Amino acid sequence: MSEPVRLEDRVVVVTGAGGGLGRAHALLFAAHGAQVVVNDLGGSTFGEGASVSAADRVVQEIRAAGGTAVANHDSVTDGARIVEQALDSFGRVDVLVNNAGILRDKTFHKMDDSDWEQVYQVHVEGAYKVTHAAWPHLRAQNWGRVIFTASTSGIYGNFGQANYSMAKLGLYGLTRTLAIEGRRNGILVNAIAPTGGTRMTEGLIPAQVFERLKPELVSPLVVYLGSEQCQDSGALFEVGGGWVGKVRWERSLGVGFDPREGFTPEQVAQNWARIGDFDGAVHPDDSVQALQQMMENLQRHA
Ligand SMILES: NC(=O)c1ccc[n+]([C@@H]2O[C@H](COP(=O)([O-])OP(=O)(O)OC[C@H]3O[C@@H](n4cnc5c(N)ncnc54)[C@H](O)[C@@H]3O)[C@@H](O)[C@H]2O)c1
């Protein structure tokens with residue numbers, strides 16, 4: 001038998017939890033004993049409108065199942081208010097799941113400033129505001145878990161999602177640095193790139209597959225990442241349809257030219273196959289490891 005993942009006495013904020021993946025995360029956290037702040041502005045996928053009912057419904061569901069939750073209807077761009085709600089209602093904040101999101105899909109040549117800006121505001125600025133407001137509390141108590149929601153669109157790119165890809169991979173950069181800054185204070189920070197059948201993906205995923213990509217099949221990873229048991233930090237996971245995998249960077253050994261002599265575009269062309277040869281590739285996990293081959297090249301030609 002595996003050890004139960006416990007979250008009793010933990011206060012968890014899930015943003016955008018009025019539906020889709022966030023709702024499933026909130027329900028599972030509550031089922032594991034956490035006190036949950038269910039945040040949702042209640043707008044459309046496009047990022048328009050607002051309604052209190054989305055978050056309120058999820059709170060009712062949690063309470064009906066015997067759990068503890070309160071609703072919050074602020075936008076993540078007013079992140080401090082959401083964290084205040086956690087402190088006012090439950091006296092602390094322990095786990096933050098940055099999940100709220102919208103789409104403004106358009107090919108880049110048709111995208112206007114507001115499509116770019118709105119997506120940036122909700123995903124990046126929103127995640128920043130909520131996390132920045134919670135951070136001092138997590139530091140002071142020397143314990144915290146933060147989960148950011150990235151996307152395969154950011155990792156691999158996706159047609160018509162320049163704004164969204166930028167925002168989603170940006171959150172992974174934020175994850176990496178907050179993992180470094182947070183570790184000393186017991187704050188672990190990870191990112192997920194989920195796939196789930198929600199209103200965001202309805203019509204984009206074939207109906208039969210959509211049905212099987214239940215949002216509930218993402219949440220077990222999120223609850224684990226929010227728990228005491230999880231000791232990873234700075235990691236990125238792809239998850240969906242009952243499958244979980246971990247993503248890391250891979251880099252070729254590359255080609256070292258003599259830095260004293262410099263090198264020419266022609267030499268780049270000549271060595272192109274070796275530059276992109278992944279035989280014996282390395283997997284740098286921090287910026288010191290990332291510099292290793294470069295530093296060795298300098299030493300080789302000292
Ligand atoms: N569904 C997928 O396959 C998929 C894939 C990759 C990434 N994601 C990401 O997962 C997250 C959840 O998406 P979903 O698929 O459940 O979609 P969803 O539309 O069901 O959920 C997003 C929720 O965020 C809320 N929201 C939007 N703007 C907000 C704001 N400013 N403040 C507070 N709440 C706000 C919405 O009201 C909505 O309830 C998003 O960040 C999305 O980009 C989803």
Side-chain angles (χ1 to χ4, degrees), residues 1-15 17 20-39 58-59 61-70 86 89-99 130-131 134-135 137-150 172 175-176 178-196 212-248 283 285-286:
M1 271 287 279
S2 53
E3 199 187 332
V5 170
R6 293 193 193 286
L7 283 122
E8 280 97 353
D9 303 324
R10 293 289 180 204
V11 174
V12 179
V13 173
V14 184
T15 68
L21 300 175
R23 170 183 165 274
H25 304 339
L27 287 166
L28 196 61
F29 271 113
H32 281 72
Q35 302 168 79
V36 184
V37 177
V38 176
N39 157 264
V58 175
V59 167
E61 276 186 86
I62 290 174
R63 289 184 182 160
T68 307
V70 292
S89 302
F90 302 124
R92 55 188 292 135
V93 58
D94 299 295
V95 181
L96 191 53
V97 182
N98 289 292
N99 166 80
V130 182
T131 309
W135 201 251
H137 302 282
L138 305 180
R139 275 174 55 86
Q141 70 198 16
N142 280 312
W143 199 94
R145 299 285 183 271
V146 181
I147 296 115
F148 289 101
T149 308
Y172 180 55
T175 299
R176 296 290 303 181
L178 294 191
I180 294 167
E181 293 190 12
R183 195 173 266 288
R184 204 186 318 161
N185 292 91
I187 309 170
L188 308 186
V189 187
N190 291 289
I192 62 160
T195 300
R212 302 191 64 202
L213 289 172
K214 297 197 185 320
E216 292 75 17
L217 296 172
V218 172
S219 306
L221 171 66
V222 176
V223 171
Y224 173 77
L225 293 176
S227 74
E228 194 78 48
Q229 275 95 330
C230 172
Q231 290 302 313
D232 265 54
S233 199
L236 171 62
F237 302 90
E238 286 180 37
V239 53
W243 172 85
V244 184
K246 190 171 183 176
V247 184
R248 64 176 175 178
H283 303 95
D285 197 39
D286 59 38

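Along the sequence shown, residues are numbered consecutively beginning with 1. The structure presented is a predicted model; accordingly, all values stated were derived computationally and were not measured.
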Exercise for the section: Start with the C-alpha gap between Arg139 and Ile187, add the side-chain angles, then the distance that decides, and say whether side-chain contact (heavy atoms from CB on, under 4.5 Å) holds. Expected result: CA-CA 7 Å; Arg139 275 174 55 86; Ile187 309 170; 3.8 Å; yes

Handout entry: Val5 backbone acceptor or donor facing Glu228 side chain under 3.5 Å
Key = no

Exercise for the section: Check whether any side-chain heavy atom of Val247 sits under 4.5 Å from a side-chain heavy atom of Tyr172, and report yes or no. Expected result: no

Exercise for the section: Would you confirm whether Asp94, through its side chain, and Val11, through its main-chain N or O, come within 3.5 Å as a donor-acceptor pair? Expected result: yes

Practice task
With the side chain counted from C-beta on, respond yes when His25 and Val36 share a heavy-atom pair under 4.5 Å apart, and no when they do not.
Solution key: no

Problem - Residue that, paired with Asp285, satisfies salt bridge (Lys or Arg N to Asp or Glu O under 4.0 Å) out of Arg248, Lys246, Arg176 - result: Arg176

Exercise for the section: Could you tell me whether the side chain of Val146 reaches within less than 4.5 Å of the side chain of Leu178, counting heavy atoms only? Expected result: no

Exercise for the section: Taking all heavy atoms of Ser233 and all of Ala179, pick out the closest pair and write down the distance. Expected result: OG-CB, 3.3 Å

Exercise for the section: First locate atom CG of Leu21, then atom NZ of Lys214, and finally report the distance between them rounded to the nearest 0.5 Å. Expected result: 13.0 Å

Practice task
Determine whether more than 12 heavy atoms belonging to other residues, nucleotides or ligands lie under 6.0 Å from atom CG of Asp9.
Solution key: no

Completion exercise
Pro194 and Val218 have their tightest heavy-atom pair at CB-CG1, 3.8 Å

Handout entry: Side chain to side chain, Val93 and Trp135, heavy atoms closer than 4.5 Å
Key = no

Exercise for the section: Classify the side-chain pair Trp243/Glu238 by whether it contains a donor and acceptor separated by less than 3.5 Å. Expected result: no

Exercise for the section: Check whether any side-chain heavy atom of Asn190 sits under 4.5 Å from a side-chain heavy atom of Cys230, and report yes or no. Expected result: yes

Handout entry: Value rounded to 0.5 Å, distance of CD in Glu216 from CG in Leu27
Key = 8.0 Å

Practice task
Begin with the C-alpha distance, continue with both residues' side-chain angles, and end with the deciding distance and a verdict on side-chain contact (heavy atoms from CB on, under 4.5 Å) for Ile192 and Val222.
Solution key: CA-CA 8 Å; Ile192 62 160; Val222 176; 3.7 Å; yes

Handout entry: Exam field: side chain Asn99 to backbone Thr15, donor-acceptor pair closer than 3.5 Å
Key = yes

Handout entry: Nearest heavy-atom neighbours spanning Gly20 and Pro215
Key = O-CB, 3.8 Å

Exercise for the section: Determine the minimum heavy-atom distance between Val130 and Asn98, stating which atoms define it. Expected result: CB-OD1, 3.9 Å

Problem - Minimum-distance pair of heavy atoms, taken over all atoms of Leu217 and Gly242 - result: CB-N, 3.6 Å

Completion exercise
Scanning both residues in full, the closest heavy-atom pair of Val58 with Ala26 reads CG1-CB, 4.3 Å

Completion exercise
In this structure, CZ of Arg92 is separated from CZ of Arg10 (nearest 0.5 Å) by 6.0 Å

Exercise for the section: Please round to the nearest 0.5 Å and tell me the distance separating atom CD1 of Ile62 and atom CZ of Phe29. Expected result: 11.0 Å

Practice task
Please answer whether the main-chain N or O of Val189 pairs with a side-chain N or O of Thr175 as donor and acceptor at a distance below 3.5 Å.
Solution key: no

Practice task
May I ask you to test the Leu188-Asp232 pair for a side-chain heavy-atom distance under 4.5 Å?
Solution key: no

Problem - side-chain hydrogen bond (donor to acceptor under 3.5 Å, both in side chains) involving Arg145 - partner list, sequence neighbours excluded - result: none

Completion exercise
Value for CZ (Phe148) from OG1 (Thr131), rounded to nearest 0.5 Å, stands at 3.5 Å

